[in-house]
Amino acid sequence: TLALALIGASVSSTMIEDLKIAALKRIEEVYERFDAHYQKKFVRPTVKFDLRGNRSGVAYFHKNLIRLNVNVLLDYKEDFIKRTPGHEVAHLVSRNVYGAMIRSHGPEWQIAMHVIGQPAERCHSFVVKTENIYHCKCEQVHYLSTRMHNQIMRGEIKATCKNCRSVCVWEKILSAN
């Protein structure tokens, strides 16, 4: 079988497919709860496992599409499956019920999260490891997306640590000094 090298571990294509199937089952389970609660059958979305970067998932209401990050799925397995698919389905269902103009993580979405028994957490706490490693004064490691890293390199933005509020510095610049 195909094997992918992931930070010192080997992951078979069978394991990847099993995790994808588990995520799809979770999506269906969540939809069944919404169907029962709202007493209607929601149209199931297309699901793609092609998302990259720092986000674990994203929902597109007008396309009825959910994109999931397979790298985060591989790193966090059951925790990802418990949290991310339901979070994204709640976006689609809340917009279907209350209209497309609602706030992404507003009260309507929070109600949807309550219906499926998940905490209404806006952001995930998964550490998404990238090649763009930054450090701050409190010595915390920050993994930045390629997009954000490129914006920093072009001088368009600066990344600051939420804890110590210092400007984060790219690891390669630190090692050159």
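Just so you know, these numbers come straight off a predicted model, no measurement behind them.
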Review point. Under a 4.5 Å side-chain heavy-atom rule over Ile, Leu, Val, Met, Phe, Trp and Tyr, are F61 and L51 clustered together?
Key: no
Practice item. Report yes or no: do V47 and I16 belong to one cluster of Ile/Leu/Val/Met/Phe/Trp/Tyr joined by side chain heavy-atom distances under 4.5 Å? Key: yes
With a cut-off of 3.5 Å and sequence neighbours excluded, list every side-chain donor-acceptor pair involving residues 22-31.
unit_1, atom_1, unit_2, atom_2, d
R26, NH1, E29, OE2, 2.4
R26, NH2, Q118, OE1, 2.8
E28, OE1, R44, NE, 3.0
E28, OE2, R44, NH2, 3.0

Review point. Excluding sequence neighbours, so at least two apart, what forms ring-ring contact (aromatic ring centres under 6.0 Å, His included) with H142?
Key: none
Review point. Does the H91 side chain pair with the main chain of S104, one donor and one acceptor, at a distance under 3.5 Å?
Key: yes
Review point. Going from CD on E88 to CD1 on I66, what distance comes out if it is rounded to the nearest 0.5 angstrom?
Key: 6.5 Å
Practice item. Could you tell me whether the side chain of M15 reaches within less than 4.5 Å of the side chain of K77, counting heavy atoms only? Key: yes
Exercise for review: Taking the side chain as every heavy atom from C-beta outward, state whether E131 and E171 have any atom pair closer than 4.5 Å.
Suggested key: no
**Study point:** Any pair counted as salt bridge (Lys or Arg N to Asp or Glu O under 4.0 Å), so long as it reaches residues 90-103, sequence neighbours left out
**Key:** none
Check your understanding: Where is the tightest heavy-atom contact between C164 and C161, given as atom of each residue plus distance?
Key -> N-SG, 3.5 Å
Review point. Should R52 and V70 count as side-chain neighbours, where that means a heavy-atom distance under 4.5 Å?
Key: yes
Practice item. Determine whether L65 and L92 fall in the same hydrophobic cluster, where Ile, Leu, Val, Met, Phe, Trp and Tyr are linked whenever their side-chain heavy atoms lie under 4.5 Å apart. Key: no
**Study point:** Parallel, tilted or perpendicular: ring planes of F34 versus F42, cut at 30 and 60 degrees
**Key:** perpendicular
Review point. Out of curiosity, does V89 fall in the hydrophobic cluster containing Y38 (side-chain heavy atoms, cut-off under 4.5 Å, transitive links)?
Key: yes
Point to revise | Co-membership, hydrophobic cluster, residues V58 and F80, 4.5 Å side-chain | key: no
Review point. If you draw a 6.0 Å radius around CD in E139, do more than 12 non-hydrogen atoms from other residues or ligands fall strictly inside?
Key: no
Check your understanding: Run the side-chain contact (heavy atoms from CB on, under 4.5 Å) check on Y143 and I133 step by step: do they pass?
Key -> CA-CA 5 Å; Y143 296 95; I133 303 169; 3.8 Å; yes
Study note, to complete from the structure: So CE of M153 and NE2 of H149: to nearest 0.5 Å the spacing works out to 4.5 Å
Review point. Roughly how far apart are Q110 CD and H105 NE2, rounded to 0.5 Å?
Key: 9.0 Å
Review point. For T46 and N64, what are the C-alpha separation, side-chain angles and deciding distance, and is it a side-chain contact (heavy atoms from CB on, under 4.5 Å)?
Key: CA-CA 6 Å; T46 300; N64 199 28; over 6 Å; no
Practice item. Would you give the length of the straight line joining atom OG of S56 to atom CG of N71, rounded to the nearest 0.5 angstrom? Key: 12.0 Å
Point to revise | Point-to-point distance, once rounded to the nearest 0.5 Å, from SG of C168 to NZ of K162 | key: 10.5 Å
Point to revise | K40 atom NZ: more than 12 heavy-atom contacts under 6.0 Å | key: yes
Review point. About how many Å separate CZ of F49 and CG of N69, when rounded to the nearest 0.5 Å?
Key: 11.0 Å
Exercise for review: Tell me, please, which residues at least two apart from E17 pass side chain to side chain contact (heavy atoms under 4.5 Å, CB included).
Suggested key: K20
Point to revise | Which residues share a side chain to side chain contact (heavy atoms under 4.5 Å, CB included) with I157, sequence neighbours left out | key: M148, Q151, I152
**Study point:** By side chain to side chain contact (heavy atoms under 4.5 Å, CB included) - contacts of A36 (at least two apart)
**Key:** none
Exercise for review: Test side-chain contact (heavy atoms from CB on, under 4.5 Å) on D35 and K41 and set out the steps.
Suggested key: CA-CA 5 Å; D35 291 346; K41 179 91 170 161; 3.6 Å; yes
